[in-house]
**Q** 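Quick one: structure below, then a few questions.
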Amino acid sequence: KETFAFYDAKAYIADGSEVKITNPDFSSCTKFGDACFQACAKFNKVVIPEVTTTIEQQCFRRSTMTELEIHAKNITAIKMFSFSECPNLSIIKVFSKNITEYGGAAFSSCPSVTEVHIDLSNCINIGGGAFQVGNTKYDGGNTKTKWYNLEGKNLVDLSNVKKIDGSAFASSNLGSSEIIWPIALD
């Protein structure tokens, strides 16, 4: 296995040679640190493995990935701006069922998103703009994004959410789904 250094939107191996990574193998990665792949990778598909326990803020911000899958079983939070401003991201699949918090702008400003497959039934806090996948400037509303639970139903379960910050789902087309709302918010 190679060790890579990332700098100025490029990846380098130990001898200083630049390399292109399009489908990285993160299968043994337990932690994605702050801004670790921010604006630096020309990834096609990113798969966060089951062994991952931490996804820090801005880790894939401004990445060129087209598809994201999160399988991490023990992760409880997606931090602020983790996957924001990814212009080519079209499919988001979050298979992790233990995530209780999505930080502010976690998936914001990803205007190409057409599908979100996610289980929010254990989520407690959703930060401002967390799922504002459309443009942050008013664009007349995003009508192309479809929301699904992990069984493929057009259903979003927010029943355990205690706090939803401003614009959490703005420009997301969430209203096209059946929504199970919480009884009360804090």
**Q** Looking at K146 and N173, what are the two nearest heavy atoms and their distance?
**A** NZ-ND2, 3.9 Å
**Q** Mind checking the CD-CZ spacing from E67 to F43? Nearest 0.5 Å is all I need.
**A** 14.5 Å
**Q** With no hydrogens and no angle check, is any side-chain donor or acceptor of S112 less than 3.5 Å from a backbone partner on S90?
**A** no
**Q** Could you tell me whether the side chain of S84 reaches within less than 4.5 Å of the side chain of S109, counting heavy atoms only?
**A** no
**Q** Less than 4.5 Å apart, side chain to side chain, heavy atoms only: is that true for I70 and K93?
**A** no
**Q** Side chain to side chain contact (heavy atoms under 4.5 Å, CB included) with T145: which of T114, V116, L174?
**A** V116
**Q** Are E85 and R62 close enough for a salt bridge, meaning some N to O gap below 4.0 Å?
**A** yes
**Q** Distance from Q38 atom CD to F81 atom CZ, nearest 0.5 Å?
**A** 10.0 Å
**Q** Shortest non-hydrogen contact from C86 to P111?
**A** O-CD, 4.5 Å
**Q** Compare every heavy atom of S121 with every heavy atom of N160, then report the nearest pair and how far apart it is.
**A** ND2-O, 2.5 Å
**Q** Going by distance alone, is a donor N or O of one side chain under 3.5 Å from an acceptor N or O of the other, for D157 and S159?
**A** yes
**Q** Let me see the working for I92 and V113 under side-chain contact (heavy atoms from CB on, under 4.5 Å), right down to the final yes or no.
**A** CA-CA 8 Å; I92 299 169; V113 172; 4.0 Å; yes
**Q** Assigning hydrophobic clusters by single linkage (Ile, Leu, Val, Met, Phe, Trp, Tyr; side-chain heavy-atom cutoff under 4.5 Å), is V46 placed with I91?
**A** no
**Q** Evaluate side chain to side chain donor-acceptor pair (under 3.5 Å) for D25 paired with S27, printing each intermediate quantity in order.
**A** CA-CA 6 Å; D25 178 4; S27 60; 2.8 Å; yes
**Q** Looking only at heavy atoms, what is the nearest atom pair of D34 and E56, with distance?
**A** OD1-CB, 3.0 Å
**Q** Angle between ring planes, F32 versus F26, binned at 30° and 60°: parallel, tilted or perpendicular?
**A** perpendicular
**Q** Minimum heavy-atom separation for V51 to C29, with atom names?
**A** CG2-O, 3.6 Å
**Q** A168 and I126: which non-hydrogen atoms are nearest, and at how many Å?
**A** CB-CG2, 3.7 Å
**Q** When the ring centroid of F60 is compared with that of F107, is the distance short of 6.0 Å?
**A** no
**Q** Using the rule that two of Ile, Leu, Val, Met, Phe, Trp, Tyr join whenever any of their side-chain heavy atoms come within less than 4.5 Å, decide whether I124 and I179 are in one cluster.
**A** no
**Q** Any chance you could measure Q58, atom CD, to S82, atom OG, to the nearest 0.5 Å?
**A** 8.5 Å
**Q** Would you say that T76 contacts I99 through its side chain, given a criterion of any heavy-atom pair below 4.5 Å between the two side chains?
**A** no
**Q** Can you confirm whether C123 sits close enough to T100 that some side-chain heavy atom of one is under 4.5 Å from a side-chain heavy atom of the other?
**A** no
**Q** Answer yes or no: is there a side-chain heavy-atom contact under 4.5 Å between I180 and L155?
**A** yes
**Q** Can L68 and F83 be said to form a side-chain contact (heavy atoms from CB on, under 4.5 Å), step by step?
**A** CA-CA 9 Å; L68 170 66; F83 302 97; 3.7 Å; yes
**Q** Roughly how far, to the nearest 0.5 Å, is NE2 of H71 from CD of E50?
**A** 7.5 Å
**Q** Side-chain heavy atoms under 4.5 angstrom apart, residues restricted to Ile, Leu, Val, Met, Phe, Trp, Tyr: same cluster for L158 and V133?
**A** yes
**Q** Taking the side chain as everything from C-beta on, heavy atoms only, tell me whether E69 gets closer than 4.5 Å to V94.
**A** no
**Q** Do V161 and L120 have side-chain heavy atoms sitting under 4.5 Å apart?
**A** no
**Q** Between OG of S171 and CZ of F131, what distance do you get to the nearest 0.5 Å?
**A** 14.5 Å
**Q** Nearest 0.5 Å please: distance from the CD atom of E101 over to the CE atom of M80.
**A** 10.0 Å
**Q** Check whether any side-chain N or O of S63 sits under 3.5 Å from a backbone N or O of M65 as a donor-acceptor pair, and report yes or no.
**A** yes
**Q** Among T52, T54, I55, find the one that has a side chain to side chain contact (heavy atoms under 4.5 Å, CB included) with K31.
**A** T54
**Q** Linking I/L/V/M/F/W/Y whenever their side-chain heavy atoms sit closer than 4.5 Å, directly or via other members, would I118 and V47 fall into one cluster?
**A** no
**Q** Are the side chains of I75 and I48 in touch, meaning some heavy atoms are under 4.5 Å apart?
**A** no
